[in-house]
Participant: 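Have a look at this one.
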Amino acid sequence: RLGAAEREEMAEVVAMWTEAAAQGHGNAQFYLGLVYQAGQGVERDVDHAIELYTQAGIAEAMYNLGLLLANERQDVDGAEAAYRAAIAANPGRAQAHNNLGFLLEHKRQDVDGAEASYRAAIAANPGCAIAHVNLGCLLQNKRHDVDGAETAYRAAIAADPGYAQAHNNLGFLLEQK
């Protein structure tokens, strides 16, 4: 919760970003979208956040738009388009590739597309442990590739030794061998 001083300061920040956003400034539209999405210093307004992210058109805005559409609106088509736009704007954004893969795997049942997206996430950032885990799950459960899954889980642990899900999945896989 913001105190009185923080609320006053946030009101000024929102006013500045609103002015810049009205002039088409992409970063201001993105930051203002974050504010409305979180309800930070303003009433939470997901519709306005979606509008601002769409107007911003920058990679981070498109990524956040994908998250909002997938998680708050269950709009699979919109989320997929937003993740693809984020990737087009910044092909090195591993999390956008990973989230696209998750959406393709779990909402579209597109195993080939999901695998390609997880591998693209890993290529963009080999340290993206969640992409390794997601790839491992796909290989284990959809492709029945136990060796590939083990390699993916071990890569996730190498990327993030504290990632409990990777340890759990590897342990379960090894116990099943």
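Sequence positions, counted from 1, serve as the residue numbers for this chain. Because the structure is a prediction, the values reported are computed rather than measured.
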Participant: How about E60 and N64: does a side-chain donor come under 3.5 Å of a side-chain acceptor?
Facilitator: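 Judged by distance alone, the side chains do not pair up.
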
Participant: Heavy-atom count check: over 12 atoms from other residues, nucleotides or ligands less than 6.0 Å from E43 CD?
Facilitator: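 It does not: E43 CD has 12 such atoms or fewer within range.
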
Participant: To the nearest 0.5 Å, tell me how far N98 CG sits from H132 NE2.
Facilitator: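 So the gap between those two atoms works out to 10.0 Å.
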
Participant: What is the distance from atom CG of N134 to atom CD of Q165, rounded to the nearest 0.5 Å?
Facilitator: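 Taking CG in N134 and CD in Q165, the distance rounds to 9.0 Å.
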
Participant: Once you round to the nearest 0.5 Å, how far does CG of L69 lie from CG of D75?
Facilitator: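 Output value for this atom pair is 5.0 Å.
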
Participant: Determine, for E80 against K107, whether the closest basic-nitrogen to carboxylate-oxygen distance falls under 4.0 angstrom.
Facilitator: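 Result for this pair is no, no salt bridge flagged.
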
Participant: Does Q109 have more than 12 heavy atoms from other residues, nucleotides or ligands lying within 6.0 Å of its CD?
Facilitator: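 Yes.
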
Participant: Would you find a donor on one side and an acceptor on the other, under 3.5 Å apart, between the side chain of Y53 and the backbone of Y63?
Facilitator: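 No; judged by distance alone, with no hydrogens or angles, the pair does not exist.
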
Participant: Between V13 and Y31, is there a shared hydrophobic cluster once you connect ILVMFWY residues whose side-chain heavy atoms come closer than 4.5 Å?
Facilitator: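 Yes, V13 connects to Y31 through the hydrophobic network.
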
Participant: Quick one: list whatever passes side chain to side chain donor-acceptor pair (under 3.5 Å) with Q55, sequence neighbours left out.
Facilitator: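 Side chain to side chain donor-acceptor pair (under 3.5 Å) list for Q55, sorted by chain: E51.
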
Participant: Salt bridge check, K142 against E115: does any charged N sit closer than 4.0 Å to a carboxylate O?
Facilitator: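 Between K142 and E115 there is no salt bridge, as every charged N stays at least 4.0 Å from the carboxylate O atoms.
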
Participant: Are I58 and L68 connected, step by step, through hydrophobic side chains (Ile, Leu, Val, Met, Phe, Trp, Tyr) whose heavy atoms are closer than 4.5 Å?
Facilitator: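 Per the 4.5 Å side-chain linkage, I58 and L68 are co-clustered.
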
Participant: With no hydrogens and no angle check, is any side-chain donor or acceptor of H97 less than 3.5 Å from a backbone partner on A116?
Facilitator: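 Pair absent, no side-chain N/O of H97 close to backbone of A116.
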
Participant: Starting at CG of L135, measure out to CD1 of I130 and round the result to the nearest 0.5 Å.
Facilitator: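 These two atoms lie 12.5 Å from each other.
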
Participant: With sequence neighbours excluded, tell me which residues meet side chain to side chain donor-acceptor pair (under 3.5 Å) with E72.
Facilitator: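 Checked E72 against side chain to side chain donor-acceptor pair (under 3.5 Å); matches are R44.
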
Participant: How long is the gap from SG on C128 to CZ on R93, to the nearest 0.5 Å?
Facilitator: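 C128 atom SG to R93 atom CZ measures 9.0 Å (nearest 0.5 Å).
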
Participant: Between N71 (side chain) and L67 (backbone), is there a donor-acceptor pair under 3.5 Å?
Facilitator: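 At least one qualifying donor-acceptor pair exists.
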
Participant: Answer whether the closest heavy-atom distance between the side chains of L173 and N169 falls below 4.5 Å.
Facilitator: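 L173 vs N169: side chains apart.
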
Participant: Identify the heavy atoms of L103 and A79 that sit nearest to each other, and give their distance.
Facilitator: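 Shortest heavy-atom separation between L103 and A79 comes out as CD1-CB, 3.6 Å.
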
Participant: Flag the pair L32 / Q29 as yes when at least one side-chain heavy-atom distance between them is below 4.5 Å, and no otherwise.
Facilitator: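 No; the side chains remain at least 4.5 Å from each other.
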
Participant: Within the 4.5 Å heavy-atom criterion, are H48 and V35 side-chain neighbours or not?
Facilitator: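 Counting from C-beta outward, H48 and V35 never come under 4.5 Å.
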
Participant: Mind checking whether V146 and Q176 have side chains closer than 4.5 Å, heavy atoms only?
Facilitator: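 Sidechains of Q176 and V146: no contact.
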
Participant: Can you sort out the partners of Q23 under side chain to side chain donor-acceptor pair (under 3.5 Å), two or more places apart, ordered by chain and number?
Facilitator: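 Expected list: E19.
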
Participant: Under the ring-ring contact (aromatic ring centres under 6.0 Å, His included) rule, collect the residues that match up with H25, sequence neighbours excluded.
Facilitator: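 Partners of H25 by the ring-ring contact (aromatic ring centres under 6.0 Å, His included) criterion come out as none, since no residue qualifies.
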
Participant: Would you say F172 and I157 are hydrophobically clustered, going by side-chain heavy atoms of ILVMFWY under 4.5 Å?
Facilitator: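 As far as the 4.5 Å side-chain criterion goes, I157 and F172 are not connected within one cluster.
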
Participant: Measuring from atom CG of L170 to atom CG of L174, what distance do you get when rounded to the nearest 0.5 angstrom?
Facilitator: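 Here the interatomic distance stands at 4.0 Å.
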
Participant: Between M10 and Q40, what is the shortest heavy-atom contact and its length?
Facilitator: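 Of all heavy-atom pairs spanning M10 and Q40, the closest is CE-O, 3.5 Å.
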
Participant: Linking I/L/V/M/F/W/Y whenever their side-chain heavy atoms sit closer than 4.5 Å, directly or via other members, would L65 and Y36 fall into one cluster?
Facilitator: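 The answer is yes; both residues are in one hydrophobic cluster.
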
Participant: V133 and Y118: same hydrophobic cluster, using ILVMFWY side-chain contacts below 4.5 Å?
Facilitator: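 In one cluster with V133: Y118, no.
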
Participant: Which heavy atom in I122 sits nearest to a heavy atom in A131, and how many Å separate them?
Facilitator: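 So the minimum-distance heavy-atom pair works out to CG1-CB, 3.8 Å.
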
Participant: Run the side-chain contact (heavy atoms from CB on, under 4.5 Å) test against A85 and tell me which residues pass, sequence neighbours left out.
Facilitator: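 Applying side-chain contact (heavy atoms from CB on, under 4.5 Å) to A85 gives M62.
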
Participant: Indicate the atoms forming the closest heavy-atom contact of A114 with L138, along with that distance.
Facilitator: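 That closest heavy-atom pairing would be CB-CD1, 3.7 Å.
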
Participant: Please report the shortest heavy-atom distance between W17 and A28, naming the atom on each side.
Facilitator: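 Closest heavy-atom pair between W17 and A28: O-CB, 3.7 Å.
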
Participant: Which residues pass the side-chain contact (heavy atoms from CB on, under 4.5 Å) test with A129, sequence neighbours left out?
Facilitator: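 For A129 the side-chain contact (heavy atoms from CB on, under 4.5 Å) partners, ignoring immediate neighbours, are A156, A159, D160, Y163.
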
Participant: Which heavy atom of N141 sits nearest to which heavy atom of H144, and what is that distance?
Facilitator: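 Closest heavy-atom pair between N141 and H144: O-CE1, 3.5 Å.
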
